[in-house]
Amino acid sequence: MAYWLMKSEPAEMSIDDALAMPAVPWFGVRNYQTRNFMRDVMRVGDGVLFYHSSCAEPGIAGIAEVVSTAYPDHTQYDSKSHYFDPKATQETPRWMMVDIKAIRKTPLLSLTEMRTHSELETMQVLQKGSRLSITPVTTAEWNAVMMLLMK
DNA sequence: GCCAACGTTGGC
DNA sequence: GCCAACGTTGGC
């Protein structure tokens, strides 16, 4: 069992949008490191911090879980899609995705507040230059976030 | 809109 | 394999 932080732009997919869906297909990842996390490490049941990015108040907005292993991202084959990749083939898909399921919305734990808690300072999302849309979260970091969300 | 910090591409 | 140019992310 592992833990992750997954960034989503609320204008595209907010925690409220996610809660209204039985599962959220996480298509559109076009970064190899992030793909490798999904393909090689993510397992059903892993915990997810649902993070709102590129918005007025970035931060952790909810809890979700991984509900599928990785499978080919169909948007790579769709020439009309923003995510189309001409180098991907059915035989050798280049991009993978997983499904997640939103569990609950939480009070927003803003990026600003996250930075004030020393027990979160190791989180990858807080590191300078960190841009990955999916990052691993340690058990200690997960537990610390849960404590803060319960207050 | 700015820009730091990456990641990717492609010529050589 | 190097690396300059370019593209993207995402907070501010």
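Order of the sequence lines sets the chain letters (A, B, ...), proteins ahead of strands, with each chain counted from 1. These numbers come from a predicted model, not from an experiment.
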Can you measure [X] atom [atom1] to [N] atom [atom2] for me and round it to whole angstrom units?
X	N	atom1	atom2	value
A:Gln33	B:dT8	CD	C1'	13 Å
A:Leu5	C:dT9	CG	P	16 Å
A:Arg115	C:dG10	CZ	C1'	11 Å
A:Glu9	C:dT9	CD	P	8 Å
A:Met114	C:dC12	CE	P	12 Å
A:Leu132	C:dT8	CG	P	17 Å
A:His52	C:dT9	NE2	C1'	17 Å
A:Met6	C:dT9	CE	P	15 Å

### Task
May I have all residue pairs that pass salt bridge (charged side-chain N to carboxylate O under 4.0 Å, His left out) and include part of residues 73-89 of chain A, sequence neighbours excluded?
A:Arg30-A:Asp73, A:Asp85-A:Arg94
#### Entry: Main-chain N/O of A:Arg43 paired with A:Asp46 side-chain donor or acceptor, under 3.5 Å
yes
### Query
Within the distance-only criterion (no hydrogens, no angle test), does the side chain of A:Ser8 pair as donor or acceptor with the backbone N or O of A:Pro10 below 3.5 angstrom?
no
Check: residues 51-61 of chain A side-chain donor-acceptor pairs under 3.5 Å, at least two apart:
{"residue": "A:His52", "atom": "NE2", "partner": "A:Ile15", "partner atom": "N", "Å": "3.1"}

## Note on the structure
A:His117 meets the side chain to side chain donor-acceptor pair (under 3.5 Å) criterion, sequence neighbours left out, with A:Glu113
### Qualifying ring-ring contact (aromatic ring centres under 6.0 Å, His included) pairs, either residue in residues 130-151 of chain A, two or more places apart
A:Tyr3-A:Trp142
Taking distance alone, no hydrogens or angles, what donor-acceptor pairs closer than 3.5 Å link side-chain atoms of residues 124-131 of chain A to residues at least two apart or in another chain?
{"residue": "A:Gln127", "atom": "NE2", "partner": "A:Glu121", "partner atom": "O", "Å": "2.8"}
{"residue": "A:Gln127", "atom": "NE2", "partner": "A:Met123", "partner atom": "O", "Å": "2.7"}
{"residue": "A:Ser130", "atom": "OG", "partner": "A:Gln124", "partner atom": "O", "Å": "2.9"}

Pairs under 3.5 angstrom, nitrogen or oxygen only, protein versus nucleotides 3-7 of chain C, please.
none

### Task
List for me each residue that meets side-chain contact (heavy atoms from CB on, under 4.5 Å) alongside A:Leu149, sequence neighbours excluded, and say none if there are none.
A:Ile63, A:Thr106, A:Leu109, A:Val145, A:Met146
### Task
Go through residues 120-129 of chain A and report each residue with a non-hydrogen atom lying under 4.0 Å from DNA chain B, sorted by number.
A:Lys128, A:Gly129
### Message
Below the 4.0 Å mark, does C:dG10 have OP1 or OP2 next to a side-chain nitrogen or oxygen of A:Lys7?
### Response
yes
### Query
Got a sec, which hydrophobics cluster with A:Tyr32, joining ILVMFWY side chains under 4.5 Å apart, including via others?
A:Trp95
